[in-house]
Amino acid sequence: MPELPEVETITKQLDKSVSGKKINEAEIFVPKIVKNSKKEFEKIIFDAKIKKIGRRAKLAIFELNNGWSLLIHLKLTGQLIFNGEKNKHTAVIFNFSDGTRLIFNDLRKFGYIKPIKTEDLNDFFEKEKIGPEPLSEKFALADFKNILQKRPKAKIKQFLMDPKSIAGIGNIYADEILFASKIHPLRRNQDLSTEEIKNIFKNIKKILAKAIELRGTSVENYVDAKGQKGEFEKKLKVYGREGEKCVKCGGEVKRIKIGGRSAHFCPSCQK
DNA sequence: GGTCATGTTAATCC
DNA sequence: AGGATTAACATGAC
Ligand SMILES: [Zn+2]
């Protein structure tokens, strides 16, 4: 499932391969993916050029040259593949004027494309109360401490995964960050020591950066914009390793449910 | 064929 | 008011 490193990988690749191209048409195979009527959507993209492609939280942002931007969320199983082949999960195809195309596949159909005026982008993220970008230089230890204090009772695992506390961290990276930080996922924010907070903060930056370097993690059906799997999967220490040996202590990796989501951790390494 | 997995959000309770 | 909790969404894998 695409989290921050996966969406960052895809948007960086697409910014290189697709920016500057003119959209001829969009073929819509799954109407609910597009948050407008077909007519409205066609009007927005008609003759539009893609100026640049960026990311905020887990959202890809396609900025067009006509005042509109397209927000694209891949949710669990979305794929954006440049010059990909249509398959039975293809929801939308953008055809460009030079004969190339961009394929949006979505097996579970949770993803969406939402046009928004470019000038309204900032308001949108503010209104939705999306948390800070963890890799931004503006996101400092003091900020992290601050937002932890605002929700003292929250369990750290759920807190890390909540897009309204910090943007872009999902189940995989939350589990990996807590393992690297030796913190039990059920710990509450108010019980974390200054040293532990510092450690979690450091690992948020470190693990997300490393995952981007390796073009993300392929679980479920994630591929990047070139259709290739990510390499961070090989670096996973706890996620998806229930019952296997902890790489650090040899103990057994456990899986529990926290807020309806699975949390993987090593009970002897994480306290 | 029932359960599980997943990100986000709506609904509900406190 | 807004945090916590839970269900809902879709569908393939088991
Ligand atoms: Zn261990």
Side-chain angles (χ1 to χ4, degrees), chain A residues 1-11 28-35 55-61 71-80 87-92 104-114 116 124-134 146-178 185-191 208 211 216-223 229-230 232-233 236 238-244 253-265:
Chain A
M1 42 247 128
E3 301 181 23
L4 183 151
E6 290 75 27
V7 181
E8 178 71 13
T9 300
I10 291 170
T11 52
I28 302 172
F29 303 102
V30 184
K32 64 163 269 198
I33 295 270
V34 178
K35 299 284 175 197
R55 178 195 62 78
R56 168 82 169 93
K58 294 174 187 161
L59 279 161
I61 305 172
L71 295 179
I72 303 188
H73 205 306
L74 302 175
K75 288 282 181 89
L76 307 181
T77 55
Q79 303 174 324
L80 285 170
N87 65 32
K88 67 173 177 177
H89 304 307
T90 299
V92 179
F104 182 5
N105 297 326
D106 193 358
L107 185 151
R108 288 198 178 118
K109 304 180 175 72
F110 282 0
Y112 62 82
I113 301 178
K114 178 189 168 72
I116 184 169
F124 171 81
F125 287 107
E126 229 161 83
K127 214 178 85 212
E128 298 291 320
K129 297 187 166 42
I130 304 296
E133 278 299 315
N146 228 337
I147 57 175
L148 281 168
Q149 273 167 12
K150 281 188 191 151
R151 288 177 55 193
K153 300 270 184 211
K155 300 178 185 92
I156 183 64
K157 166 73 195 281
Q158 282 175 302
F159 180 83
L160 288 176
M161 277 183 68
D162 183 350
K164 289 180 167 58
S165 19
I166 307 173
I169 301 176
N171 213 10
I172 300 173
Y173 296 107
D175 280 355
E176 294 299 316
I177 287 163
L178 289 177
L186 286 172
R187 290 278 299 280
R188 290 183 191 271
N189 292 353
Q190 61 187 358
D191 300 329
L208 293 178
T217 303
S218 289
V219 297
E220 288 279 327
N221 63 344
Y222 166 77
V223 291
K229 293 191 167 195
F232 195 78
E233 196 182 353
L236 295 179
V238 285
Y239 185 86
R241 297 192 67 248
E242 181 191 12
E244 294 177 41
V253 174
K254 295 283 184 199
R255 181 165 69 100
I256 58 172
K257 283 262 182 189
I258 304 179
R261 300 290 169 219
S262 57
H264 309 74
F265 68 106

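Convention: sequence-line order gives letters A, B, ...; per-chain numbering from 1. Predicted, not measured: the structure shown is a model, and the values here were computed from it. Computed over heavy atoms, backbone and side chain alike; hydrogens, waters and symmetry mates excluded.
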What's the closest nucleotide to the [X] side chain, out of [options]?
{"X": "A:Lys164", "options": "C:dC9, B:dG7, B:dT9", "value": "B:dT9"}
{"X": "A:Met1", "options": "C:dC9, B:dT9, B:dG7", "value": "B:dG7"}
{"X": "A:Gln158", "options": "B:dT8, C:dA10, C:dT5", "value": "C:dT5"}
{"X": "A:Ala154", "options": "C:dA4, C:dA10, B:dT8", "value": "C:dA4"}

Phosphate OP1/OP2 of [N] contacted by [X] side-chain N/O (<4.0 Å):
{"X": "A:Lys257", "N": "B:dC4", "value": "no"}
{"X": "A:His73", "N": "B:dG7", "value": "no"}
{"X": "A:Lys109", "N": "C:dC9", "value": "no"}

Could you state the atom-to-atom distance from [atom1] of [X] to [atom2] of [N] in whole Å?
{"X": "A:Lys153", "N": "C:dG2", "atom1": "NZ", "atom2": "C1'", "result": "16 Å"}
{"X": "A:Asp106", "N": "B:dG7", "atom1": "CG", "atom2": "C1'", "result": "12 Å"}
{"X": "A:Glu128", "N": "B:dT8", "atom1": "CD", "atom2": "C1'", "result": "10 Å"}
{"X": "A:Lys157", "N": "C:dT5", "atom1": "NZ", "atom2": "P", "result": "14 Å"}
{"X": "A:Lys129", "N": "B:dA10", "atom1": "NZ", "atom2": "C1'", "result": "15 Å"}
{"X": "A:Leu74", "N": "B:dT8", "atom1": "CG", "atom2": "P", "result": "10 Å"}
{"X": "A:Met161", "N": "C:dA4", "atom1": "CE", "atom2": "C1'", "result": "15 Å"}
{"X": "A:Arg188", "N": "C:dA4", "atom1": "CZ", "atom2": "P", "result": "9 Å"}

Are A:Arg56 and A:Phe125 in a cation-pi setup, meaning NZ or CZ lies under 6.0 angstrom from the ring centre and within 45 degrees of the ring axis?
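Relative to the ring axis of A:Phe125, which defines the angle, A:Arg56 lies inside both limits.
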
Qualifying residues under salt bridge (charged side-chain N to carboxylate O under 4.0 Å, His left out), relative to A:Glu8, sequence neighbours excluded
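Listed in chain order: A:Arg55.
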
Can you list everything that forms a side-chain hydrogen bond (donor to acceptor under 3.5 Å, both in side chains) with A:Thr217? Sequence neighbours excluded, please.
A:Tyr173

Between CZ of A:Arg187 and CD of A:Gln190, what distance do you get to the nearest 0.5 Å?
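Reported value, rounded in 0.5 Å steps: 11.0 Å.
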
Would you mind classifying the nucleic acid contact of A:Thr77 as base, sugar-phosphate or nothing, using non-hydrogen atoms under 4.0 angstrom?
nothing

Classify the nucleic acid contact of A:Lys150 as base, sugar-phosphate or nothing, counting any heavy atom under 4.0 Å across all strands shown.
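The answer is nothing, as A:Lys150 stays clear of every strand by at least 4.0 Å.
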
Tell me whether A:Lys75 is salt-bridged to A:Asp106, with the criterion being a basic N under 4.0 Å from an acidic carboxylate O.
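Salt bridge flag = no for A:Asp106 with A:Lys75.
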
Identify the residue among A:Glu3, A:His264, A:Lys157 that makes a side chain to side chain donor-acceptor pair (under 3.5 Å) with A:Asn171.
A:Lys157

Nucleotides 12-14 of chain C: which of its N/O atoms have a protein N/O under 3.5 Å away?
none

Taking the side chain as every heavy atom from C-beta outward, state whether A:Ile28 and A:Ile33 have any pair of such atoms under 4.5 Å apart.
no

When you compare the ring of A:Phe110 with the six-membered ring of B:dT8's base, are the centres less than 5.5 Å apart and the planes under 30° from each other?
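No, the aromatic ring of A:Phe110 does not stack with the base.
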
Does either side chain, that of A:Thr77 or that of A:Asn221, offer a donor lying less than 3.5 Å from an acceptor on the other one?
no

